[in-house]
Amino acid sequence: MNDCPNPDSPAAAAGQGPARRGFRLPAQLVRLVLLTVGIVVSYLAARYVLTPVSFGQYGWYRGNALAEIAAREPVYAGKAACDECHSEVLEKIAKGEHQTVSCESCHGVSRAHAEDPDVKPVKLTGSHCIRCHEANPSRPAWFHQIKVREHYGERCTDCHKPHQPNEVP
Amino acid sequence: MKRPLTRRHWLTTLGSALAGVMSLALARKAKAAVQKVLASAPAPKGYDPAKHRWLMQIDVDRCIGCGLCVEACKTENHVPPEPTYFRTWVERYIVKKPKPGSDTPRGEVVVDSPNGGMHFSSALVPREEIMRSFFVPKLCNLCEHSPCSQVCPVGATFETPDGVVLVDPKYCIGCGFCVQACPYGCRFLNPITHTAEKCTLCYHRITRGLRPACVEVCPGEARIFGDLKNPVANDPIQRFIATKRVMALKPYLGTGPRVLYAGLDEEVR
């Protein structure tokens with residue numbers, strides 16, 4: 001800065017270039033740098049504004065999505081929900097052949113009823129037995145199947161207690 | 001070289017500082033607005049994804065093909081009713097007897113899954129022609145290196161720390177790459193929301209201590225579900241792996257499926 005350029009230098013003689021300031025970036029380079037800085041800054045600003053806080057909490061995704069997906073209300077109540085009021089039915093079933101069958105496999109979605117017993121669960125007609133027990137060559141051999149037309153009768157619950165199927169009501 | 005401190009100089013400095021603060025406030029406001037759009041509902045209390053590792057296993061020999069799981073999944077997850085959309089489904093494999101005189105050990109293999117296997121009819125092939133037949137329930141294979149989350153361009157599908165592969169419906173752009181990437185055909189584009197959908201292992205149920213809907217209604221214990229990090233007494237998952245000879249679907253693809261099948265056969269893919 002302090003040392004004055006030689007007035008006899010070719011640059012000074014030509015009347016161009018920095019007369020007193022020494023080296024200076026060419027204007028087009030300055031513009032390029034400014035443009036780059038501008039793009040980077042606006043990218044960072046957009047990223048700051050648009051990226052959800054929870055992004056990256058567990059990985060390259062929105063961590064809050066887990067909570068959102070988990071927030072939905074279940075539809076099926078689950079066997080444990082029936083235990084509160086029908087524990088005697090659960091005990092009966094646990095002793096019989098239907099021990100692996102859940103309440104809602106036969107009774108259908110019963111959450112509304114489990115929350116408010118005044119809402120009656122769907123009345124079962126008996127056709128649901130056939131869905132599982134009708135003979136089918138694809139069914140495994142361990143599973144007891146019947147040919148409904150050749151079986152003793154159409155109304156299953158006349159001869160089988162649904163909760164203890166090998167007992168006669 | 002020093003510039004004199006003029007009033008003009010002070011005013012411009014002050015002005016630009018003010019503008020800076022204001023634009024920062026504006027950015028904060030914009031961010032808050034964006035966050036509001038992506039706001040989340042409260043998760044079930046006390047659930048920490050790092051403390052669980054969920055897993056489902058399939059015992060093919062226990063499946064009686066009642067289709068209750070298919071129906072329950074549709075009901076539980078509000079899956080569109082058309083018979084082209086399933087998060088879980090059941091396939092029926094029928095291996096026919098070899099034709100008399102042919103030197104093959106087994107005949108043609110017929111596979112079907114009418115309406116996802118919700119109600120199988122009993123007669124597809126006459127009983128006399130069947131050599132062997134069985135049902136295979138299918139669902140998301142919970143891959144260790146899931147191709148679906150690798151191809152997602154926006155980070156909308158991912159493997160959670162608790163071992164589930166989920167789709168973020170607010171981030172999904174519905175490009176369908178993941179649908180094509182899944183070698184097990186477990187995904188579809190929801191025709192109403194136009195976002196990808198798949199089995200979530202009933203994430204809204206398991207985080208509340210309930211079992212997935214398909215496991216809940218399965219009468220034969222063909223679907224075995226559990227938490228590897230919190231084994232219970234006589235844990236079904238541990239018992240399954242200890243007592244059965246298990247296999248994964250398409251292991252040669254390197255996707256590392258975590259869902260293991262017992263009683264699989266050569267024809268099953």
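Just so it is clear, the values below take in all heavy atoms, side chains as well, and ignore hydrogens, waters and symmetry mates. Chain A is the first sequence line, chain B the second, and so forth, proteins listed ahead of strands; every chain is numbered from 1.
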Tell me, for [X] versus chain A, whether the close heavy atoms (under 4.5 Å) come from the side chain, the backbone, both or neither.
X: V167(B); value: backbone
X: V125(B); value: neither
X: R132(B); value: neither
X: S23(B); value: neither
X: L210(B); value: side chain
X: C202(B); value: neither
X: I94(B); value: side chain
X: A72(B); value: both

Pair E216(B), S102(A): side-chain N/O donor-acceptor within cut-off below 3.5 Å
yes
Across all chains, not counting sequence neighbours, the ring pair (Phe, Tyr, Trp, His ring centres under 6.0 Å) partners of F55(A) are W60(A), Y171(B)
How about [X] and [Y]: do any of their side-chain heavy atoms sit closer than 4.5 Å?
X: R139(A); Y: F135(B); result: yes
X: I64(B); Y: Q145(A); result: no
X: V217(B); Y: Y76(A); result: yes
X: K170(B); Y: N64(A); result: no
X: M118(B); Y: R131(A); result: yes

To the nearest 0.5 Å, tell me how far [X] [atom1] sits from [Y] [atom2].
X: C152(B); Y: Y61(A); atom1: SG; atom2: OH; result: 12.5 Å
X: E76(B); Y: R111(A); atom1: CD; atom2: CZ; result: 8.5 Å
X: L166(B); Y: R62(A); atom1: CG; atom2: CZ; result: 11.5 Å
X: H133(A); Y: C66(B); atom1: NE2; atom2: SG; result: 10.0 Å
X: D168(B); Y: L66(A); atom1: CG; atom2: CG; result: 9.0 Å
X: E91(B); Y: S138(A); atom1: CD; atom2: OG; result: 12.5 Å

Does [atom1] belonging to [X] count more than 12 external heavy atoms closer than 6.0 Å?
X: H144(A); atom1: NE2; result: no
X: F177(B); atom1: CZ; result: no
X: K229(B); atom1: NZ; result: yes
X: R239(B); atom1: CZ; result: yes
X: E88(A); atom1: CD; result: yes

Give me each pair satisfying ring pair (Phe, Tyr, Trp, His ring centres under 6.0 Å) with a member in residues 84-115 of chain A, each pair once, sequence neighbours excluded.
none
For a side chain to side chain contact (heavy atoms under 4.5 Å, CB included) check, start with the C-alpha distance between Y58(A) and D162(B), then their side-chain angles and the critical distance, and finish with the verdict.
CA-CA 11 Å; Y58(A) 304 114; D162(B) 42 359; over 6 Å; no
List the steps, then state whether side chain to side chain contact (heavy atoms under 4.5 Å, CB included) holds for E73(A) with R208(B).
CA-CA 10 Å; E73(A) 283 294 312; R208(B) 285 173 167 82; 3.7 Å; yes
Judged by atom type as modelled, is there a donor-acceptor pair below 3.5 Å linking the side chain of S122(B) to the main-chain atoms of N136(A)?
no
Search all heavy atoms of C132(A) against all heavy atoms of P219(B) and return the closest pair with its distance.
SG-CG, 4.4 Å
For W142(A) against G220(B), the heavy-atom pair lying closest together:
CH2-CA, 4.5 Å
Does the side chain to side chain contact (heavy atoms under 4.5 Å, CB included) test come out yes or no for T200(B) and R72(A), once each step is laid out?
CA-CA 12 Å; T200(B) 62; R72(A) 247 196 35 234; over 6 Å; no
With chain A, which of G65(B), G209(B), A213(B), P49(B) has the greatest number of heavy-atom pairs at distances under 4.5 Å?
P49(B)
Among S149(B), S121(B), P161(B), residue most engaged with chain A (heavy-atom pairs, under 4.5 Å):
P161(B)
If one checks every heavy atom of A77(A) against chain B at 4.5 Å, the contacting part turns out to be backbone
